[in-house]
2 protein chains.
Amino acid sequence: MPTKPASLNIDDELSAQVDQSELLGLLGYNVRRAYLVIQTHFDAQMEKLDLRQADFAVLSMLRSNPGINQKALAEALAIAPPNLATLLDRLESSGLLGRQRSTDDKRIQLVSLTPQGVKLHTQALKAAQKADEAALHQLSAGEREQLKRLLSKIFAG
Amino acid sequence: MPTKPASLNIDDELSAQVDQSELLGLLGYNVRRAYLVIQTHFDAQMEKLDLRQADFAVLSMLRSNPGINQKALAEALAIAPPNLATLLDRLESSGLLGRQRSTDDKRIQLVSLTPQGVKLHTQALKAAQKADEAALHQLSAGEREQLKRLLSKIFAG
DNA sequence: TATTGTTATACTCTATAACTATA
DNA sequence: TATAGTTATAGAGTATAACAATA
């Protein structure tokens with residue numbers, strides 16, 4: 001190694017000698033970086049329950065909307081129908097939900113949680129709230145509400 | 001089709017008869033949905049320039065930090081070194097950047113934009129700003145600053 | 001003909017292990 | 001031994017086309 005002491009090495013502890021101001025000036029990049037942090041906390045929490053992000057979203061929707069059909073579920077969660085189909089296959093195999101053909105229109109599958117699914121959702125919601133807390137501990141309650149309001153203007157906009 | 005008129009079909013135009021309140025109560029989910037919207041605008045802009053998200057981030061960093069090494073670049077952008085290596089291969093093949101072995105330490109690659117890379121970055125920055133604008137048109141200048149501040153508290157934590 | 005859901009498939013993104021060359 | 005970078009590869013997430021069943 002050259003004669004430079006480690007403590008003066010530009011790329012190490014003191015690091016961040018790099019100029020990221022252009023990227024940080026773009027809101028899209030800030031959203032991306034924040035999303036990566038939140039994802040990490042969320043995944044860490046859900047790993048214990050063997051659930052992925054989309055799995056939790058589905059469990060949550062089914063809890064609040066029992067008997068929802070797959071088209072409505074796919075639209076609400078912005079999941080492509082083929083990907084939802086295989087996701088539901090997996091959760092159904094795990095005994096978390098059931099699918100029932102509508103008698104009105106036999107093309108339609110009505111999806112509901114099993115009691116086991118309800119139980120897991122209850123645990124998963126607590127885990128999701130913990131992940132939120134871990135990622136957002138720097139923000140006050142007011143800041144969290146403000147952030148939620150601003151974000152929802154982007155996607156509900 | 002049953003006798004229901006289309007205009008009363010729960011899953012159609014009026015739709016959103018679904019309860020998403022639990023998910024929307026989680027900040028992580030709000031960040032995710034906002035990120036998806038921003039991604040869409042960003043990708044649409046970058047498609048014209050044949051650039052992906054990470055490509056733009058690299059061009060931006062190289063513009064502000066010419067001669068940065070790959071380790072520092074990978075760390076700053078949170079890209080795994082193997083993925084950065086192949087990304088740089090591609091941009092180098094396209095004539096956008098060059099890699100030069102450091103004479104001090106021959107393990108290190110120093111990366112810089114070519115004049116063509118500088119030119120493309122200039123266009124790409126404008127495109128990124130357009131994408132920001134398109135995604136954030138609902139927010140006032142003050143709200144955008146506020147949002148940036150709150151997001152950076154999450155990832156700069 | 002149009003719609004719901006499925007199957008098969010492909011493409012991108014991300015992550016990991018093993019290697020090289022240098023130190 | 002440790003580090004910078006590379007290669008190869010595998011996995012997850014996402015997207016599209018073609019199909020079956022039903023309307």
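These numbers come from a predicted model, not from an experiment.
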Query raised in the report: How would you list all residue pairs meeting ring-ring contact (aromatic ring centres under 6.0 Å, His included) that involve residues 82-121 of chain A, not counting sequence neighbours?
Result: none
Requested in this report: Mind calculating the distance between CD (A:Gln70) and C1' (D:dT22) to the nearest angstrom?
Outcome: 15 Å
Query raised in the report: When the distance from NZ of A:Lys71 to C1' of C:dA2 is rounded to whole Å, what number comes out?
Result: 12 Å
**Report entry** Between A:Asp19 and A:Ser21: side-chain donor-acceptor atoms closer than 3.5 Å
**Finding:** yes
Query raised in the report: Taking only N and O in the side chain of A:Gln39, is any of them less than 4.0 Å away from OP1 or OP2 of C:dT14?
Result: no
Query raised in the report: B:Glu47 CD to C:dT12 P: how many Å, rounded?
Result: 12 Å
Report task. Return yes if a side-chain donor-acceptor contact under 3.5 Å exists between B:Tyr29 and B:Glu22, otherwise no. Result -> no
Report task. Would you please name every residue forming a salt bridge (Lys or Arg N to Asp or Glu O under 4.0 Å) with B:Asp55, sequence neighbours left out? Result -> B:Arg90
Requested in this report: Send over the distance from B:Asp43 CG to C:dC13 C1', rounded to a whole Å.
Outcome: 12 Å
Report summary line: Scoring nucleotides 8-16 of chain D by protein non-hydrogen atoms under 4.0 Å (B base, S sugar-phosphate only, - none) yields B----SBBB
Requested in this report: Respond yes when some side-chain nitrogen or oxygen of B:Arg101 is under 4.0 Å from OP1 or OP2 of C:dT20, and no when none is.
Outcome: no
Requested in this report: Could you work out which one of C:dT3, C:dG5, C:dT22 sits closest to the side chain of A:Arg107?
Outcome: C:dT3
Extract all donor-acceptor atom pairs below 3.5 Å that involve side chains of residues 79-89 of chain B and protein atoms in other chains or at least two apart in sequence.
unit_1  : atom_1 : unit_2  : atom_2 : d
B:Thr86 : OG1    : B:Asn83 : O      : 3.1
B:Asp89 : OD1    : B:Arg99 : NH2    : 2.2

Requested in this report: Give every residue pair that meets the ring-ring contact (aromatic ring centres under 6.0 Å, His included) criterion with at least one member in residues 43-85 of chain A, sequence neighbours excluded.
Outcome: A:Phe42-A:Phe56
Side-chain polar contacts of residues 47-54 of chain B - donor-acceptor pairs under 3.5 angstrom, sequence neighbours left out - could you list them?
unit_1  : atom_1 : unit_2  : atom_2 : d
B:Lys48 : NZ     : B:Gln45 : OE1    : 3.3
B:Gln53 : OE1    : B:Tyr35 : OH     : 3.3
B:Gln53 : NE2    : B:Asp43 : OD1    : 3.4

Report summary line: Regarding the side chain of A:Asn69, the nearest nucleotide among C:dG5, C:dT6, D:dT22 is C:dG5
Query raised in the report: Just how far, in rounded Å, is P of C:dA21 from CZ of B:Arg99?
Result: 16 Å
Report summary line: When rounded to whole Å, the CG to P distance for the pair B:Leu51 and C:dT12 reads 14 Å
Query raised in the report: Taking CD1 from B:Ile79 and P from C:dT12, how many angstroms apart are they, rounded to a whole number?
Result: 16 Å
Query raised in the report: Please give, in whole Å, the distance from D:dA4 P to B:Asp104 CG?
Result: 14 Å
